[in-house]
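In what follows, a single structure is set out as structure tokens and then discussed.
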Number of protein chains: 2
Amino acid sequence: MAPSTETLTAERILEATEEVLRRHGPAKATVVDVARALGVSHGSVYRHFRTKTALREAVTQRWLDRTCQALAGTAAEDRDPEARLRDWIRGLAEAKRRKAADDPELFATYGVLAGENREVVAAHLVDLIAQLTSIVEAGVATGAFTTPDPEATARAVFEATSSFHDPRHATEWQRPGIDEEFTTLVDLLVRGLRA
Amino acid sequence: MAPSTETLTAERILEATEEVLRRHGPAKATVVDVARALGVSHGSVYRHFRTKTALREAVTQRWLDRTCQALAGTAAEDRDPEARLRDWIRGLAEAKRRKAADDPELFATYGVLAGENREVVAAHLVDLIAQLTSIVEAGVATGAFTTPDPEATARAVFEATSSFHDPRHATEWQRPGIDEEFTTLVDLLVRGLRA
DNA sequence: CAGCTGACAGATATTGAAATCTGTCAGCTG
DNA sequence: CAGCTGACAGATTTCAATATCTGTCAGCTG
């Protein structure tokens, strides 16, 4: 790849890393490949990321943050909490399904990265559950929902729907009738939440 | 291992296969190992199982059937459906957790086998969901539960609790507070089921 | 002189030849 | 003669030599 005149930034390295991961897959993507894609020596990459592990961690976080930001809107809106809860969960499930369907190889690659970076994933889940908690709390405030512990309930709703958003279940997202199954489950959960 | 005077049966081969899998793990367990453990030539094993794949399938089914049978009792009892539903799900989750905790390596081995034998697993899930459906139907009959489609609802309850019984989530079964999370989720689901 | 390069040591991955395994079957054995 | 054996061909796995990669750093460059 042609050397660039632009400054070498962490962001540019992360972009190149994602591209290299897309091309080569998680097993064969090397720091040397990333440097080559940027037209620099691999030593320069190490100036921005201490280790290959740190680079992979950062690219994983970047990927997860994108999902988080897309949902933050729904979580912060000021309207019917029940509808927002439905929209939020559906948004999460559909975002994941779309990514898995659009580029299965890249999705599988990030599945591997997620497995390598449990702590980054854990922090991501904390973020997501915090968003969901805020919706449940809003529902309790309007009297739409009843629960002694909104945080625990939000976690329960999140786990209950995990087969529709956890990448480990991605192979099952193609079966027919999955939309009906999802709706049945969300209906059941919402009934359990209601006052 | 000393040659045995007993007749060589499919069941004896399956027992030996499980032992070999326990000792060597899924990657290194060979048909020759199984034959050696039984004191016969590997040709004899092929008299009972057409291929190594068929042998692994059979041993996987045997393993899954044991769980199924343990739960069939709870599903068939004649008492309060709500309590039975709670007991059944808890029984399923605890059986899996116990196996994972007692012999993590063997559990991981069967995780690999399950991944290799999706169809066997699918049939197992059909069985389990049928059991759960019979409990939900009993609840609808007594008026304890309300649902337009007991089978779909049973499936929803099964999927909702999958993070507590699906082996792919086994790494999370050690975290503290998991019992409370399980109880919170089952309470939520039961509330949704009630008339 | 801030940022980059490229040679280097140790760690990791690739490769291809040798060893082992799978699945078959003609013939042995009780 | 029903059931088992063991030699065999082709497929797969192992292993050790070879190549590549990671992470460092002294020195170059703009």
Side-chain angles (χ1 to χ4, degrees), chain A residues 1-61 105 108-109 112-113 115-117 120, chain B residues 1-61 105 108-109 112-113 115-117 120:
Chain A
M1 198 146 294
S4 162
T5 64
E6 273 181 79
T7 323
L8 187 61
T9 61
E11 181 58 24
R12 282 190 63 220
I13 293 173
L14 290 175
E15 261 166 42
T17 304
E18 186 166 300
E19 184 54 27
V20 167
L21 282 165
R22 190 196 311 279
R23 281 199 146 86
H24 298 23
K28 291 187 184 171
T30 70
V31 176
V32 171
D33 289 331
V34 173
R36 193 163 26 231
L38 289 162
V40 299
S41 78
H42 74 278
S44 299
V45 174
Y46 282 98
R47 177 159 299 278
H48 294 266
F49 297 93
R50 237 177 323 185
T51 64
K52 183 187 186 183
T53 303
L55 175 57
R56 288 187 159 224
E57 231 172 80
V59 85
T60 305
Q61 190 148 44
E105 291 194 21
T109 292
V112 172
L113 290 181
E116 282 171 4
N117 298 286
V120 173
Chain B
M1 198 148 292
S4 162
T5 64
E6 272 182 80
T7 324
L8 186 61
T9 61
E11 180 59 23
R12 282 189 64 219
I13 293 173
L14 290 175
E15 261 166 42
T17 304
E18 185 166 301
E19 184 54 26
V20 167
L21 281 165
R22 191 197 310 279
R23 282 199 145 86
H24 297 31
K28 290 189 186 171
T30 72
V31 176
V32 171
D33 289 332
V34 173
R36 194 164 25 233
L38 289 162
V40 299
S41 79
H42 74 279
S44 300
V45 173
Y46 281 98
R47 176 158 299 278
H48 294 265
F49 296 93
R50 239 181 321 197
T51 63
K52 183 188 186 182
T53 303
L55 175 58
R56 286 186 161 226
E57 230 172 81
V59 86
T60 305
Q61 190 148 45
E105 290 194 22
T109 291
V112 172
L113 291 182
E116 283 172 5
N117 298 285
V120 174

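Here is the naming used below: chain letters follow the sequence lines, and residue numbers restart at 1 for every chain.
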Distance-only criterion, 3.5 Å: show the donor-acceptor pairs between side-chain atoms of residues 48-57 of chain B and protein atoms not counting sequence neighbours.
residue: B:H48; atom: NE2; partner: B:L8; partner atom: O; Å: 3.2
residue: B:T51; atom: OG1; partner: B:T53; partner atom: N; Å: 3.4
residue: B:T51; atom: OG1; partner: B:A54; partner atom: N; Å: 3.0
residue: B:R56; atom: NH1; partner: B:E116; partner atom: OE1; Å: 2.9
residue: B:R56; atom: NH1; partner: B:E116; partner atom: OE2; Å: 2.9
residue: B:R56; atom: NH2; partner: B:P26; partner atom: O; Å: 2.3

Do you know the tightest heavy-atom contact between [X] and [Y]?
X: B:L21; Y: B:A29; result: CD2-CB, 3.7 Å
X: A:L113; Y: A:T60; result: CB-OG1, 3.5 Å
X: B:T109; Y: B:G25; result: OG1-CA, 4.1 Å

Protein-nucleotide distance (A:H24, atom NE2; D:dT20, atom C1'), rounded to Å:
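These atoms are roughly 13 Å apart.
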Between D:dT5 (C1') and B:L8 (CG): distance, integer Å
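Taking atom C1' of D:dT5 as the reference, CG of B:L8 is at 13 Å.
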Partners passing salt bridge (Lys or Arg N to Asp or Glu O under 4.0 Å) against A:E11 (at least two apart in sequence or in another chain):
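Per chain and number, A:E11 pairs via salt bridge (Lys or Arg N to Asp or Glu O under 4.0 Å) with A:R62.
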Salt bridge (Lys or Arg N to Asp or Glu O under 4.0 Å) partners of B:R47, counting only residues at least two apart:
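Result, salt bridge (Lys or Arg N to Asp or Glu O under 4.0 Å) vs B:R47: none returned.
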Residues two or more places apart in sequence or in another chain: which of them pass side chain to side chain contact (heavy atoms under 4.5 Å, CB included) with B:T30?
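Result, side chain to side chain contact (heavy atoms under 4.5 Å, CB included) vs B:T30: B:V32, B:D33.
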Go through it in stages, so that I can follow the logic: the residues are A:E15 and A:R12, the test is salt bridge (Lys or Arg N to Asp or Glu O under 4.0 Å), and I'd like the CA-CA distance, side-chain angles, deciding distance and then a yes or no.
CA-CA 5 Å; A:E15 261 166 42; A:R12 282 190 63 220; over 6 Å; no
If only side-chain N and O atoms of B:S41 are considered, is one of them under 4.0 Å from the OP1 or OP2 phosphate oxygen of D:dT5?
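For D:dT5, OP1/OP2 do have a side-chain N/O of B:S41 under 4.0 Å.
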How would nucleotides 7-30 of chain C be written as a contact map, 5' to 3', with B for base contact, S for sugar-phosphate-only contact and - for no contact, using protein heavy atoms under 4.0 Å?
B-------------SBBB------
For DNA chain D, what is the dot-bracket line, given that a base pair needs Watson-Crick (N1 to N3, plus N6-O4 or O6-N4) or G-U wobble (N1-O2 and O6-N3) geometry with both distances under 3.5 Å, and | means paired with another strand?
||||||||||||||||||||||||||||||
